[in-house]
Amino acid sequence: MKISLSVIKADIGGYVGHSSSHPEVLDKAEKCIAAAKKAGLLIDYHVTRCGDDLQLIMTHQHGEEDEKIHKLAWDTFVDCTKIAKKLKLHGAGQDMLADAFSGNVKGMGPGVAEMEFEEREAETIIIFMADKTASGAWNLPLYKIFADPFNTIGLVIAGNMHGGFSFEVHDVKEHKKIVFNAPEEIYDMLVFIGAPGRFAVKAVYHRESGEIAAVSSTQRLSLMAGRYVGKDDPVCIVRSQGHFPAVGEVLEPFASPNIVEGWMRGSHHGPLMPVAVRESNPSRFDGPPRVIAAGFQLSGGKLVGPQDMFDDPAFNNARQQANDIADMLRRLGPFEPHRLPLEEMEYTTMPEVMKKLEGRFKSI
Ligand code: F6R
Ligand code: MG
Ligand code: MG
C-alpha cells in the first residue's frame, strides 16, 4: 500500500512570547484536520507543537505536493491565526508570508517535509521537529545516522545497510541540488554539509533499494521574506528499522548536543537540546533551541502513536550538556561565535545599521 506522509508546520503565534503554543490554537487545528479526515481526504493525522510551532502530521494517498493537502494545511493555519489574533498571541500569523493560497505552501512561509513510500510489514517512523533553529540543523544528525559507523553500527554489521545511503544536498541560496553517495563520497559531501547555513540535506535514500529513508524541510524563511521574520524551525522525517537504521541509531546523534544557529532573535549559535514535547518551551534567552521526536508505527497509513522518544532519562546527560554549552556561549554576549557571523546577520538589523553609518566610514 502506497502511503504519503506530510508534515507541514508554521509558527502562527506564540504563548507566551515565542516560547510555546496556546491550547486553543492546538484545539482549533485538531478540529480542522479531524474534519478533513472525516471527509476522507486523510487516512490519519496527529497535531502537535514544538515550542511556538504548530505541527500537522498527516497520512493520505495523494502523493507529495498535493494541492488539496497543502490547502488543508494553509486553511488550518489561517483559522488558527484567527484564534491567535483573538487571544493577541505574540507574532500572530508570523509565518504566513502570502496573502492567499496559491497551489502549494512552499515559498509561502510554512515548512514542509513529505515522502511517499510502500508501507512495509512494520513501518517505523520518527518525526523530528525543532524550534529556534534553522533548516541546516539536520545535516549533522542525518550524516551520523546514515553515514557514520561510530553512530550507526548497522552500517558495518547489517548486510542490508552495508551498501550505504545517498544524500540529496540542496544549495539553499543558489537553488541547486547534488546527490552524494556514502560512504565513498563523504569527504566531498562534508565540504558542503559542514556549512549548514547554505547547504542542507534534503533527502536520504537507501542505495540498494533506492527507497526514501529521510526527508527534511529546507525552507529558509529569511530567504523567502528577504528580512528576518523568525527562524525556520525545521522538521525531518526518518524511516527506521529493517534496512534503515534502528530507532536507537536514529536517536543517538541527539545524545551529544549539536550546535546550531537560531536561539534569541535567530541570531545566535546554541546547543540543540533534545526534550519531551511538554518540555519544548524555549524560555531562557528564548531558547536554547529544542528538538522533539515523535515515533509512530504505521498500519495501513494509520499513525499508531506517538511515542515521545526523548522523554527518556537516557537523554538527561544531553540536556545537562546542552545547558552547560548554553552557559558557556551566553558568556560571550554579543560576540561571535555566540552571535552569528555578519553574513548570517544580513536579514536582521545589520543593513539598517550599515546604512545609518555609511557616510562615517573613511578609507584607511
Ligand atoms: C527566535 C525568536 C525570538 C524573537 C524575539 C524577539 O526565533 O522567535 O527570539 O526573535 O523574542 O521577538 P519579537 O521581535 O517578535 O518581539
Ligand atoms: Mg515565534
Ligand atoms: Mg518557532
Side-chain angles (χ1 to χ4, degrees), residues 7-22 25-26 29 47-56 73 77 80-81 83-85 87-97 105 108-113 127-138 196-197 216-225 227-236 259-275 277-292 294 326 329-330 333-334 338-340 344-353:
V7 181
I8 308 186
K9 51 83 41 185
D11 176 347
I12 51 90
Y15 167 69
V16 168
H18 290 276
S19 68
S20 193
S21 306
H22 195 281
V25 169
L26 290 164
V47 171
T48 187
R49 56 108 195 167
C50 180
D52 59 2
D53 288 271
L54 175 58
Q55 310 280 350
L56 311 177
F77 295 142
C80 290
T81 299
I83 305 278
K85 286 196 167 144
L87 297 170
K88 291 184 75 179
L89 298 184
H90 188 68
Q94 79 164 45
D95 286 359
M96 309 295 279
L97 301 184
V105 292
M108 298 175 71
V112 188
I127 301 173
F128 293 104
M129 295 159 267
D131 188 31
K132 303 292 179 278
T133 187
S135 59
W138 309 123
S216 75
S217 62
T218 49
Q219 287 78 24
R220 298 224 49 178
L221 268 174
S222 57
L223 299 180
M224 283 184 232
R227 66 192 150 86
Y228 182 70
V229 281
K231 268 292 183 226
D232 317 322
D233 302 337
V235 293
C236 181
I259 294 180
V260 296
E261 60 174 69
W263 207 346
M264 174 59 79
R265 298 180 186 276
S267 305
H268 293 81
H269 282 121
L272 185 60
M273 183 189 276
V275 290
V277 179
R278 67 172 180 281
E279 291 183 331
S280 69
N281 312 301
S283 57
R284 181 190 176 186
F285 197 56
D286 287 2
R290 304 298 153 103
V291 56
I292 59 170
L329 286 171
R330 282 300 301 127
H338 182 28
R339 199 194 72 181
L340 294 188
E344 298 299 324
M345 303 278 289
E346 63 191 297
Y347 293 101
T348 60
T349 51
M350 257 306 286
E352 285 161 44
V353 178

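Indexing begins at 1, ligand by ligand and atom by atom, following the structure's order. Predicted model, so just to flag it, every value in this text is computed and none were measured.
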### Task
Measure the acute angle between the ring planes of Phe285 and His268, then classify it against the limits of 30° and 60° as parallel, tilted or perpendicular.
perpendicular

### Query
Which class fits the ring pair Trp263 and His338: parallel under 30°, tilted 30 to 60°, perpendicular over 60°?
perpendicular

### Query
Looking at Asp131, which of its N, O or S atoms is the nearest one to the Mg ion (ligand 3)?
OD1

### Query
Out of the N/O/S atoms in Asp53, what is the name of the one closest to the Mg ion (ligand 3)?
OD2

#### Entry: Note: Glu261-Arg220 ion pair, threshold 4.0 Å (strictly below)
yes

### Query
Can we say Lys132 and Asp52 salt-bridge, meaning some charged N sits less than 4.0 Å from an Asp/Glu carboxylate O?
yes

#### Entry: Name, closest N/O/S atom of His18 to the Mg ion (ligand 2)
ND1

### Query
So which N/O/S atom does Asp52 have closest to the Mg ion (ligand 2)?
OD2

### Task
Please confirm if an N, O or S atom belonging to Asp233, backbone or side chain, lies less than 2.8 Å from the Mg ion (ligand 2).
no

### Query
Counting backbone and side-chain atoms alike, does His90 have an N/O/S atom under 2.8 Å from the Mg ion (ligand 2)?
no

For [atom], grab the closest protein heavy atom and report residue, atom and distance to one decimal in Å.
atom	answer
atom 14 (O) of ligand 1	Arg265 NH1, 4.0 Å
atom 11 (O) of ligand 1	Asp286 OD2, 2.5 Å
atom 7 (O) of ligand 1	Tyr228 OH, 3.0 Å
atom 12 (O) of ligand 1	His18 NE2, 3.2 Å

### Task
Considering the heavy atoms of Trp263, write down every atom of ligand 1 situated less than 4.0 Å from one of them.
1 (C), 7 (O), 9 (O)

### Query
Any sub-3.5 Å donor-acceptor pair from Arg284's side-chain atoms to Pro282's backbone N or O?
no

As an exercise, state the distance from [atom1] of [X] to [atom2] of [Y], rounded to the nearest 0.5 Å.
X	Y	atom1	atom2	answer
Lys9	Asp232	NZ	CG	7.5 Å
Met108	Phe77	CE	CZ	11.0 Å
Gln94	Leu97	CD	CG	9.5 Å

### Task
Answer yes or no: is there a side-chain heavy-atom contact under 4.5 Å between Ile12 and Ile83?
no

### Task
Specify whether an N/O/S atom of Asp11 falls short of 2.8 Å from the Mg ion (ligand 3).
no

#### Entry: Gly266 to ligand 1, any heavy atom closer than 4.0 Å
yes

### Summary
Among Met264, Lys132, His90, His268, the residue with a heavy atom nearest to atom 15 (O) of ligand 1 is His90

